[in-house]
Visitor: 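First, the structure itself, so that you have it in front of you.
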Amino acid sequence: MTTELAGRNAAAQPHVRPLEGKTALVTGGSRGIGAAIVRRLAADGAQVAFTYSSAKDQADALAEEVGALAVQADSADAAAVRAAVARTAEHFGGLDILVNNAGVAHVAPVEEFPLEEFDRMIAVNVRGVFTAIQSAAAHLGQGGRIITIGSINADRIPVPGIGVYSLTKAAVAGLTRGLARELGPRGITVNTVQPGPTETDMNPDSGPFAESMKQLMPVGHYAQPADIASAVAYLARPEARFITGTSWDVDGGFAV
Ligand code: NDP
């Protein structure tokens, strides 16, 4: 069967497990959006590994729940990220899908913004994404997928204090476009999903900004992590092979 026909058949059979036979690595998969992505990719048939930084108990519980492989690896530590990619590929015999989800945020006025926090956000949100992609690229083949969780704050800044966070998320959107150009000829797609406000420990929907955020969204409520995971799962599917280099806003209309 040609690749073209295989793509059509996948689209025509939405109830098959579309990621059967694929292996995925999700960074920062122990909690929040990352955990929802781990659950969804596993439900869609993928073998899944995920990294975490410190939440070992939650990581172990999730790994047991969905039969995933949990690997402790701080995204700021390039050697640890490389080792996590290598371990995933060795454990499952390959790697098809990389989801860069791990991310941190620090909010402060520009005059008071600690440079240590600036460096940490660059190290996790930007350098960590690059090192994961760099390591994974050696394993990804035809049909490979790289999906990075950016943020709608790359494009829209509704409150002060998040300029550095926005910088990191705009950086990965640029990296996505550049690497889509570079890896497309190898049959690998590279995309960014840009969530709007999503209920997690990082951004609880009862937090200090929550009511004003809801007013900015036509849908009037926060996303649940599963809403973001469903967009990631779609981009991971074989039928999404013609989508690359894009930043997909999954934001309840936050950006309109
Ligand atoms: P949470 O803080 O709820 O969860 C973060 C996850 O990332 C945890 O699993 C955590 O693991 C892991 N993590 C944090 N730091 C590191 C690190 N240095 N190395 C490895 N793993 C790490 O965040 P969210 O789920 O809300 O956010 C996930 C992604 O989505 C981030 O990139 C964030 O910027 C982005 N995003 C979130 C939005 C929101 O409204 N929630 C909106 C737009 C984008 P551990 O607990 O072990 O440290």
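What you see is a predicted model; the values in this text were computed from it and never measured. Remember, it's 1-based here, ligands and their atoms both numbered in the order they're listed.
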Visitor: Please work out whether any backbone atom (N, CA, C, O) or any side-chain heavy atom from C-beta onward of S54 is under 4.0 Å from ligand 1, and answer side chain, backbone, both or neither.
Guide: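 Looking at S54 and ligand 1, atoms from backbone and side chain both fall under 4.0 Å.
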
Visitor: On a heavy-atom basis, I'd like to know which of N101, N153, I33, D77 is closest to atom 29 (C) of ligand 1.
Guide: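 The option holding the nearest heavy atom is N101.
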
Visitor: Can you sort out which atoms of ligand 1 are near S75, meaning under 4.0 Å from one of its heavy atoms?
Guide: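 Those qualifying, in numeric order: 17 (C), 18 (N), 19 (N), 20 (C).
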
Visitor: To check your reading of the model: name the closest protein heavy atom to atom 42 (C) of ligand 1, its residue, and the distance in Å.
Guide: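 Scanning the protein heavy atoms, the shortest distance from atom 42 (C) of ligand 1 goes to G196 O, 3.4 Å.
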
Visitor: Linking I/L/V/M/F/W/Y whenever any side-chain heavy atoms sit under 4.5 Å apart, do V172 and I157 land together?
Guide: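 V172 and I157: separate clusters.
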
Visitor: Do R87 and E90 meet the salt-bridge criterion of a basic N to acidic O distance under 4.0 Å?
Guide: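 Looking at E90 and R87, the cut-off is not met.
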
Visitor: Between atom CG of L25 and atom CD1 of I97, what is the distance when rounded to the nearest 0.5 Å?
Guide: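 Reported value, rounded in 0.5 Å steps: 10.5 Å.
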
Visitor: Within ligand 1, which atoms have a heavy atom of A73 less than 4.0 Å away?
Guide: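 Those atoms are 19 (N), 20 (C).
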
Visitor: Counting heavy atoms only, name the option from D201, V129, I228, I149 that's nearest to atom 30 (O) of ligand 1.
Guide: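 Answer by nearest heavy atom: I149.
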
Visitor: So between Y222, Y165, F209, whose heavy atom ends up nearest atom 36 (N) of ligand 1?
Guide: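 Answer by nearest heavy atom: Y165.
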
Visitor: If you take all heavy atoms of A59 and F50, which pair is closest and at what distance?
Guide: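 Distance-wise, the nearest heavy atoms are O-CZ, 3.3 Å.
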
Visitor: Roughly how far apart are I147 CD1 and L235 CG, rounded to 0.5 Å?
Guide: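 Rounded to the nearest 0.5 Å, the CD1-CG separation comes out at 5.0 Å.
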
Visitor: Heavy atoms only: which of S53, A80, P195 is nearest to atom 17 (C) of ligand 1?
Guide: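 Heavy atom nearest to atom 17 (C) of ligand 1 belongs to S53.
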
Visitor: Please set out all donor-acceptor pairs under 3.5 angstrom arising from side-chain atoms of residues 30-44, sequence neighbours excluded.
Guide:
from, atom 1, to, atom 2, distance (Å)
R31, NH1, D201, OD2, 2.7
R39, NE, E65, OE2, 2.7
R39, NH2, E65, OE1, 3.1
R40, NE, D44, OD1, 3.3
R40, NE, D44, OD2, 3.1

Visitor: When you measure from atom 44 (C) of ligand 1 to each heavy atom in G103, G150, P225, which option holds the nearest one?
Guide: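 It is G150 whose heavy atom sits nearest to atom 44 (C) of ligand 1.
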
